[in-house]
Amino acid sequence: MHPIPIRLNLEQEAAVKHPAGPLLIIAGAGTGKTRVITERAAYLLESEPNLKPENVVALTFTERATEEMAARIHARVGDRAAGKVHVHTFHSFALKLLREQPGGEEAVRNTELLDNVDFWILLRRHIERLRLEVFWKNAAPGQFLRDLIEFMSRAHDELVSVEDYESYVEALQLEGDAAAASGLQAADFQEQMKKEREIARVYRVATELLAEAGARTFGDVITAAVRLLRDEGVRRHYQERLRAILVDEFQDTNVAQIELLHLLAGSHRNITVVGDDDQAIYRFRGASFESFNMFAQKFPEFQKVKLTQNYRSTQRILRMSNQLIRVNPDRFDPDKNLWTEKPAGEPVRLFESSEPDDEALALAERIDQLHHAGRPWNHLAVLFRARRHRELLLAALRRRGIPFRVVGISVLGDPQVRDLFSAARFFSWLHDSISCARLLGLRRWNLTEHDCAALSRRTSEQRKAASGRPSLFDVMTDLAADAAHPLNAKVKLFVEWTQAMHKQISGRPAAAFFKALAAELAERQARMGGMPATDSDYHAEEMAPAVRRVVEFVEAWQKKNGEAPLKHFLGYWDLFLEAGGDVPEKEEEQPQDSVRLMTVHAAKGLEFPMVFVLRLTQGSFPTRERPPLLPFPEALRKEGELPLGNIHLQEERRLCYVAMTRAQDELYLSTVVKPRWKRSDFLADLDSNRALASREMEKIVVAPSGEQLDEDAVLDPGRNENDIPTSRLPYWALRNARVLPSEPSHKTLQLSASAMETYSTCPAKYKFAYEYKLAGGPSPALTVGALMHECIREFFAMKKARDTFAFGDLQQFFEGRWRSIGFEDQYQEARYRQNALDQLRRFYDKNLPLPAAVMAQEKGFEFSVGDVTVIGRIDQINELSSTDVELIDYKTGRPRTQKDADHNLQLSVYALACRESLHRHPAQLAFYNLESGEKVVTERSDAQLQLERQKISDVAREIRERRFPPRKNFFCPLCEFLSICPAFEGESPPQ
DNA sequence: GTAGGTGAGGTTTTT
DNA sequence: CCTCACCTAC
């Protein structure tokens with residue numbers, strides 16, 4: 001894209017023609033680094049008669065870079081030689097070494113390489129082996145595993161083995177014991193040691209699990225190669241064979257990789273590394289902030305060559321980028337100043353808005369203008385620090401009809417894909433009512449929102465009446481047999497389809513079924529004149545790109561898993577998602593002439609004529625620092641002293657530098673300044689040279705528009721239902737029509753405390769749960785909670801009858817009522833069960849000796865606040881005096897604090913109910929935390945209760961106005977309505 | 001000044 | 001759920 005000079009410039013030539021020996025090429029952004037490294041390979045081959053192509057190895061980090069380098073070397077040195085030069089990623093090179101050993105071929109062939117997601121799944125499937133204590137969480141057993149994987153990856157990057165870590169922990173213990181002996185023992189030292197010992201233990205067990213599974217992580221591969229090369233014979237062999245080593249993007253290497261290089265080049269020392277210390281942005285995945293220093297240490301005789309002529313950017317862009325990076329105090333090469341022969345160009349423009357919505361609108365407008373002034377869309381790129389920052393801009397681009405492509409966006413938000421997974425789930429588990437509901441929204445059944453709501457409500461009523469748990473599909477099966485019911489015909493159609501599809505699954509491999517399902521959902525058979533869908537005649541080219549990606553994913557899984565059926569795949573899929581797995585769209589599937597949106601990380605190594613950088617605000621860019629749950633101990637780091645400056649901020653600054661130096665012709669920076677949102681420190685860095693800034697930059701203050709962009713506006717609620725080929729349920733959820741026409745709007749609204757709390761967290765969730773009355777499967781936390789309530793009731797019943805009794809009697813009741821449903825696996829169930837039993841025991845021990853003052857348990861109530869009927873049930877009422885009572889709410893799970901109790905709506909509602917319908921004075925309100933066995937007592941004043949009544953009326957009013965917008969929040973990933981939520985229709989799923 | 005309450009906002013990702 | 005910035009109250 002930029003004019004590559006036919007001849008090398010002086011610096012480049014110096015780098016290329018440097019004599020053999022350790023060479024460090026510091027190549028600034030846009031200085032022709034890849035060209036230099038290829039030329040250098042060619043030069044070494046031409047100048048050293050003894051050096052053959054097979055003696056040269058070039059290492060990169062990504063497959064993409066490998067391909068590019070191989071192609072360039074090919075073009076430069078011709079067919080025969082190029083085929084022999086080893087061009088590899090670090091990992092494929094290490095794997096090759098292992099494979100070349102005697103017996104290695106077989107050993108490596110039987111070794112599966114696991115990415116983080118598959119490693120997570122391996123650990124999750126054997127979590128009982130980890131025997132987690134400190135890091136165990138009943139409700140989220142897998143949560144810790146991500147942190148563990150991150151930790152292990154760091155350990156491998158730093159060449160810290162299990163044994164190394166164990167000795168570290170031992171040493172810590174000894175140190176602590178010594179301190180204790182001299183009376184200096186810190187109070188939380190033992191707590192800390194418990195953690196450390198657990199980390200050491202799980203590191204060991206996880207390593208054993210990998211070995212048993214015949215699997216390796218990426219970090220493993222490198223450390224194994226290092227171990228191999230520590231053998232003198234092996235090392236000598238490779239040192240003789242590989243006599244010229246070239247490394248690209250050297251600033252991204254970690255300690256283990258540098259050690260690998262050192263072992264390889266130790267004797268001949270003919271190693272060339274190319275990189276830019278100012279573009280080191282992968283510290284979080286182990287890249288050493290000190291790679292360059294370590295190179296200097298291991299190859300002290302090294303020579304340094306600098307490339308400073310930039311062929312990419314205009315002078316102004318370059319000057320401002322230089323100005324930014326100059327602020328970093330800990331640069332390896334502080335005197336590097338990039339220059340260019342390109343013209344001064346346009347000023348760097350800074351947009352300053354007072355709302356994020358205005359930022360998005362203003363940038364979209366400018367993008368439109370640039371296009372109309374003659375720029376093709378694909379000249380434009382928008383970069384951001386975090387993916388979340390793109391959402392409003394997407395809305396603004398959509399509004400203007402600007403074509404865009406989001407690099408690496410997930411296909412899992414695609415409505416067709418969501419249909420596909422709901423269908424796969426539903427046909428595997430017919431009682432999955434939420435998946436069923438999504439399918440009811442397909443237009444082929446001709447069901448209306450009213451119909452669906454009626455079916456779902458009917459299910460809810462039957463659920464209350466029956467002791468089992470009838471599902472939506474059970475209810476539909478009944479109706480299909482009831483010819484008199486008005487929905488009979490439509491329902492029958494659905495039930496028959498389901499039965500036919502369900503039959504298809506049994507005995508068929510998952511991938512075949514997925515394909516058939518994709519054809520089915522694409523309404524293909526309708527277009528083909530009613531032909532039944534089979535997988536074999538549905539070709540990939542016919543599928544929508546997103547669906548095709550998913551089908552390919554399932555096929556790849558199938559290949560590894562023989563003839564495994566659909567249920568088996570879905571079991572894997574649940575884990576895959578929980579592990580944070582994703583299926584990204586392929587770039588070539590997206591419109592080519594379009595504005596590109598990507599993270600700054602994804603933009604590294606790329607260049608664009610016009611670049612926009614979003615959200616330069618404190619906390620967004622730079623992000624705030626967040627240490628990992630399992631920080632890698634300082635003492636085990638093999639690098640030198642940490643630099644004094646703020647490492648995190650410096651890395652963020654380099655990231656900003658990378659973003660800025662992507663621009664060729666024009667650079668736009670954008671910030672938002674409003675209460676609590678301050679402009680980024682980086683803007684101050686740019687401004688710190690006032691004269692420079694006023695010469696090279698132009699500030700554009702964006703006038704407040706007052707407009708609001710809806711980031712979830714992928715769905716157009718005004719769209720004609722019949723034009724929607726995928727499930728219409730998410731669209732319906734956004735509409736504010738009454739879900740049932742028969743319900744008069746004046747009917748008294750009934751609300752429980754939890755309904756009101758649900759509405760406050762997310763109105764759409766309220767609509768699903770309380771308007772449609774949809775319910776997913778039982779969750780472990782709720783089932784166990786309900787059982788504990790039963791047990792407590794039983795406890796007081798026994799106490800009333802016999803005054804004293806053995807715990808065994810209560811335990812027997814507990815065991816008899818335990819139901820094994822809804823748990824992720826047997827181990828989680830066992831842990832829950834043990835935990836629940838412990839709680840019960842504690843409760844028994846504590847309460848058996850106490851006098852029973854229980855007036856009532858599970859006391860239902862109903863009272864009015866204005867035109868709302870508040871309904872609910874009080875767990876327990878204790879008599880304090882003839883007028884006063886105490887109201888208790890039992891809590892399993894996380895113990896509630898005093899603050900929780902003081903503000904909890906449920907307790908306020910209890911207090912109101914007590915006065916209004918029980919006519920007693922609620923002198924005490926309490927959470928009884930079963931986990932800790934502690935009671936947290938609180939009270940409510942008249943004034944407070946008055947306020948709570950107001951709150952209830954407020955929520956009721958909003959519900960009456962029928963506004964149910966989805967509200968994205970921290971808990972979305974856990975929400976049972978995720979698969980039908982309008983906020984994630986067409987959007988990446990939450991992580 | 002600081003304690004305590006309130007509200008908003010909450011990474012990046014290759015092999 | 002957890003952290004941080006900012007506000008109010010002493």
Side-chain angles (χ1 to χ4, degrees), chain A residues 59-66 88-96 112-119 137 139-140 143 146 149-150 153-154 156-157 216-225 248-249 252-254 256-257 260 279-287 356 383-391 407-408 410 579-582 584 598-605 615 617-629 648-649 651-652 654-656 658-659 672 674-678 760-761 893-900 902-903 967-974 990-991:
Chain A
L59 297 176
T60 64
F61 278 88
T62 63
E63 299 286 0
R64 197 177 76 188
T66 304
H88 286 290
T89 63
F90 269 96
H91 294 90
S92 70
F93 176 73
L95 218 46
K96 187 174 141 78
E112 198 189 350
L113 215 61
L114 298 186
D115 61 18
N116 285 351
V117 169
D118 283 329
F119 186 28
K137 267 191 190 156
Q143 208 184 55
R146 282 197 208 200
I149 288 169
E150 193 190 334
S153 162
R154 287 283 290 121
H156 278 281
D157 293 343
R216 276 207 165 102
T217 63
F218 288 103
D220 253 340
V221 173
I222 305 288
T223 41
D248 197 9
E249 304 277 11
D252 290 337
T253 48
N254 57 44
Q257 288 158 337
L260 183 76
Q279 293 187 69
I281 56 173
Y282 284 114
R283 219 174 68 79
F284 71 89
R285 61 180 206 217
L383 312 184
F384 33 83
R385 177 64 182 87
R387 286 186 287 213
R388 191 173 31 83
H389 299 155
R390 73 185 180 215
E391 307 231 327
V407 173
S410 171
D582 191 17
M598 66 189 92
T599 62
V600 181
H601 282 93
K604 195 185 169 206
R615 241 19 115 76
T617 64
Q618 280 303 94
S620 287
F621 199 177
T623 58
R624 66 160 219 262
E625 186 172 10
R626 236 184 329 197
L629 178 70
H648 171 73
L649 190 63
E651 172 126 333
E652 293 288 313
R654 287 192 293 268
L655 208 45
C656 186
V658 167
V672 179
K674 60 180 225 166
R676 283 162 201 237
W677 287 35
K678 287 193 290 201
S760 310
T761 347
R894 175 185 62 88
R896 306 306 145 108
T897 61
Q898 186 66 53
K899 212 166 114 186
D900 291 332
D902 292 345
H903 298 282
R967 194 173 293 150
K968 283 190 187 172
N969 65 63
F970 200 75
F971 299 104
C972 286
L974 303 173
Q991 282 289 309

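Letters A, B, ... are given to chains in the order of the sequence lines, protein chains preceding strands, and every chain is numbered from 1.
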What is the separation between atom [atom1] on [X] and atom [atom2] on [N], rounded to the nearest whole Å?
| X | N | atom1 | atom2 | answer |
| --- | --- | --- | --- | --- |
| A:Asp220 | B:dT15 | CG | C1' | 13 Å |
| A:Leu655 | B:dT13 | CG | P | 10 Å |
| A:Ile149 | B:dT13 | CD1 | C1' | 14 Å |
| A:Met598 | B:dT14 | CE | P | 13 Å |
| A:Arg64 | B:dT13 | CZ | P | 13 Å |
| A:Glu625 | B:dT11 | CD | P | 14 Å |
| A:Gln257 | B:dT15 | CD | P | 12 Å |
| A:Ile281 | B:dT12 | CD1 | P | 13 Å |

Any base atoms under 4.0 Å from [X], or only sugar-phosphate, or nothing? Heavy atoms, all strands.
| X | answer |
| --- | --- |
| A:Asp252 | nothing |
| A:Arg894 | sugar-phosphate |
| A:Phe971 | base |

Choose from [options] the nucleotide whose nearest atom is closest to any side-chain atom of [X].
| X | options | result |
| --- | --- | --- |
| A:Arg626 | B:dT11, B:dT12, B:dT15 | B:dT11 |
| A:Glu652 | B:dT15, B:dT13, B:dT11 | B:dT11 |
| A:Ala386 | B:dT11, B:dT13, B:dT15 | B:dT11 |

Contact boundaries on DNA chain C for chain A, cut-off under 4.0 Å to non-hydrogen atoms: C:dC1 to C:dC6
Point-to-point distance, once rounded to the nearest 0.5 Å, from CZ of A:Arg385 to CZ of A:Arg390: 14.0 Å
Pairwise distance CD(A:Glu651) to CD1(A:Ile281) - rounded to 0.5 angstrom: 7.5 Å
Side chain to side chain contact (heavy atoms under 4.5 Å, CB included) evaluation trace for A:Arg894 with A:Asp900: CA-CA 11 Å; A:Arg894 175 185 62 88; A:Asp900 291 332; 3.2 Å; yes
Side-chain touch A:Leu113/A:Leu95, heavy atoms, less than 4.5 angstrom: yes
Any A:His91 side-chain heavy atom under 4.5 Å of A:Gln257 side chain: yes
Residues A:Thr60, A:Glu249; criterion side chain to side chain contact (heavy atoms under 4.5 Å, CB included); working and verdict: CA-CA 7 Å; A:Thr60 64; A:Glu249 304 277 11; over 6 Å; no
Is_stacked (A:Phe284, B:dT12) at 5.5 Å, 30 deg: yes
B:dG5 pairs with, by Watson-Crick or G-U criteria that keep both distances under 3.5 Å: C:dC6
Heavy atoms from other residues, nucleotides or ligands near NZ of A:Lys674 exceed 12 (cutoff 6.0 Å): yes
Pair A:Thr623-A:Glu652, side-chain donor/acceptor within less than 3.5 Å: yes
Filtered N/O pairs between nucleotides 2-9 of chain B and protein, under 3.5 Å:
residue, atom, partner, partner atom, Å
B:dG9, OP1, A:Trp677, NE1, 3.4

Proximity of A:Tyr282 and A:His601 rings by center, below 6.0 Å: yes
5' priority, DNA chain C, between A:Lys678 and A:Phe970 [closest heavy atom]: A:Phe970
Working for side chain to side chain contact (heavy atoms under 4.5 Å, CB included), residues A:Thr66 and A:His88: CA-CA 6 Å; A:Thr66 304; A:His88 286 290; 5.6 Å; no
Side-chain N,O (A:Thr89) to OP1/OP2 (B:dT14) below 4.0 Å: no
